[in-house]
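To start, the structure under review is shown below, and the notes come after it.
Here is how names work: the chains are called A, B, and so on, in the same order as the sequence lines, proteins then strands, and each is numbered from 1.
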2 protein chains.
Amino acid sequence: MSTLRADAQRNLERVLDAATEVFAVSGPDASVDEIARRAGVGHATVFRRFPTKADLMYAVVERHVDELRSLAEKALASPDPGEAFFGFVRGAAELGMTLPGLQKCVVECGEKPGAAELEQLMDRIVSRAQRAGAVRRDLKPRDVGSLIRAALFAAPPEQWRSYLDVVLEGLKPAASR
Amino acid sequence: MSTLRADAQRNLERVLDAATEVFAVSGPDASVDEIARRAGVGHATVFRRFPTKADLMYAVVERHVDELRSLAEKALASPDPGEAFFGFVRGAAELGMTLPGLQKCVVECGEKPGAAELEQLMDRIVSRAQRAGAVRRDLKPRDVGSLIRAALFAAPPEQWRSYLDVVLEGLKPAASR
DNA sequence: AGTCAAACGGACTACCGAGTCCGCTTACGC
DNA sequence: GCGTAAGCGGACTCGGTAGTCCGTTTGACT
């Protein structure tokens, strides 16, 4: 696996770190030059590891998606479906809101990396909550996801909790309103 | 006012119409060339009337904002604050969703054109509904606006009504839930 | 019809970002 | 130490877009 020369390995990590920072701030419009500069390498070095800017973005997003996936797995382990759902969402938001620009990147990626798996987990969390009557049933799990992402995305930095709260209230079934 | 030569006047209208169509589809990333082509004029003609792409976008957005403003005024005339708010929102959504890309343009414009006035009207509609107990009070009128815009923005073409419904439910005060 | 300023649009410049090339450098096995 | 392939990065190409210039056309007024 790691047949990479020591300096190459070091640069690869620097690039990934820099890319994460930069994408997290500027979203998918961040330029490769900016990332290379921040990493302290020439931009050709970036393109050598990631033939395409998109490839680099996938790599960055994938890391992030991994963290979310472990959160999702924890949620599925919880016995109370409603609790699991609302807890997961708040946790994921807490995580995602520290790297705002990445949201746009995830969307832009068209769910390419290991995200399919994450999507599946989320679908299960949501539909379980729906079956348990904790979430309204007239929406597909995917829609629940985009609705939440949209609210977080639009929220000013210090207020995303209120925005999220509105959507979560709206997601409760009419019965519990 | 209209000291414009007849052909110039005609071209100006063509450009505005084309720009509306194109911005409505591609959002602010639409290129001036594309607009000029669609209008059947050289792109220099566009730049003669609108020194800057942003100026063109402002002009297009302004038209759209005017329509929204008249809706807002109608809503303020209605006696029932809750009814007025929910009606206005649904009406505005109905209007805006026919030109999806324009939403991004409005945002990009940083509310430049006559939008300040519209914002004021919307603030009044919202806070009136809040005072009447039809909308939760823990949000500023502006936030109500962005929350709604976010949901519409994220919704797939045929489903924005459900998305909007979730947010509107979430906006109702705890009392009526 | 004749004049002329207004308007036109093709061609040009300037810039920016993605992706490639190639001569130079350096880690690492011997 | 030393030879060599892996790695490096500055300088390039290429494509796309905003904005300008200028020689030509055309509407309007007499």
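- Taken from CG in Asp66(B) to CD in Glu117(B), the straight-line distance is 8.5 Å, to the nearest 0.5 Å.
- One can place CG of Asp29(B) at 15 Å from P of dG16(D), the figure rounded to the nearest angstrom.
- Rounding to whole angstrom units, CE of residue Met57(A) and C1' of dG17(C) are separated by 15 Å.
- Here Ala8(B) lies in heavy-atom contact (under 4.0 Å) with sugar-phosphate atoms only.
- When the P atom of dG19(C) is taken as reference, atom CD1 of Ile35(A) falls 12 Å away, rounded to whole Å.
- Electrostatic pairing of Glu13(B) and Arg10(B) does not count as a salt bridge here, judged by no charged N lying under 4.0 Å from a carboxylate O.
- Of all heavy-atom pairs between Leu68(A) and Phe88(A), the closest is O-CE1, 4.0 Å.
- Mapping Ala44(A) and Ser31(B) onto DNA chain D by nearest heavy atom places Ala44(A) at the nucleotide closer to the 5' end.
- Under 4.0 angstrom from either OP1 or OP2 of dA7(C) there lies no side-chain N or O belonging to Asn11(B).
- The residues Arg63(A) and Asp17(A) are annotated as salt-bridged, a charged nitrogen and a carboxylate oxygen being separated by less than 4.0 angstrom.
- Looking at Gln130(B) and Lys140(B), their side chains never come closer than 4.5 Å, going by heavy atoms from C-beta outward.
- When rounded to the nearest whole Å, the span between CG of Leu4(A) and P of dG7(D) equals 5 Å.
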* For Arg128(A) and Leu76(A), what are the C-alpha separation, side-chain angles and deciding distance, and is it a side chain to side chain contact (heavy atoms under 4.5 Å, CB included)? -> CA-CA 9 Å; Arg128(A) 192 169 70 130; Leu76(A) 271 175; 4.1 Å; yes

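- Between Lys172(B) and Glu169(A), none of the side-chain N atoms (NZ, or NE/NH1/NH2) sits under 4.0 Å from a carboxylate O, so this pair counts as no salt bridge.
- For Arg5(A), counting side-chain heavy atoms from C-beta on, the closest listed nucleotide (dG17(C), dT26(C), dG10(C)) is dT26(C).
- Residues from residues 45-53 of chain A that place a heavy atom under 4.0 Å from any atom of DNA chain C, listed by number: Phe47(A), Thr52(A), Lys53(A).
- Arg38(B) places its CZ atom 17 Å from the P atom of dG9(C), with the value rounded to the nearest Å.
- Rounded to whole Å, atom P of dA18(D) lies 9 Å from atom NE2 of His43(B).
- For the pair Asp33(B) CG and dA11(C) C1', the interatomic distance rounds to 12 Å; values are reported in whole Å.
- Between the CZ atom of Arg10(B) and the P atom of dA6(C) there is a distance of 19 Å, given to the nearest Å.
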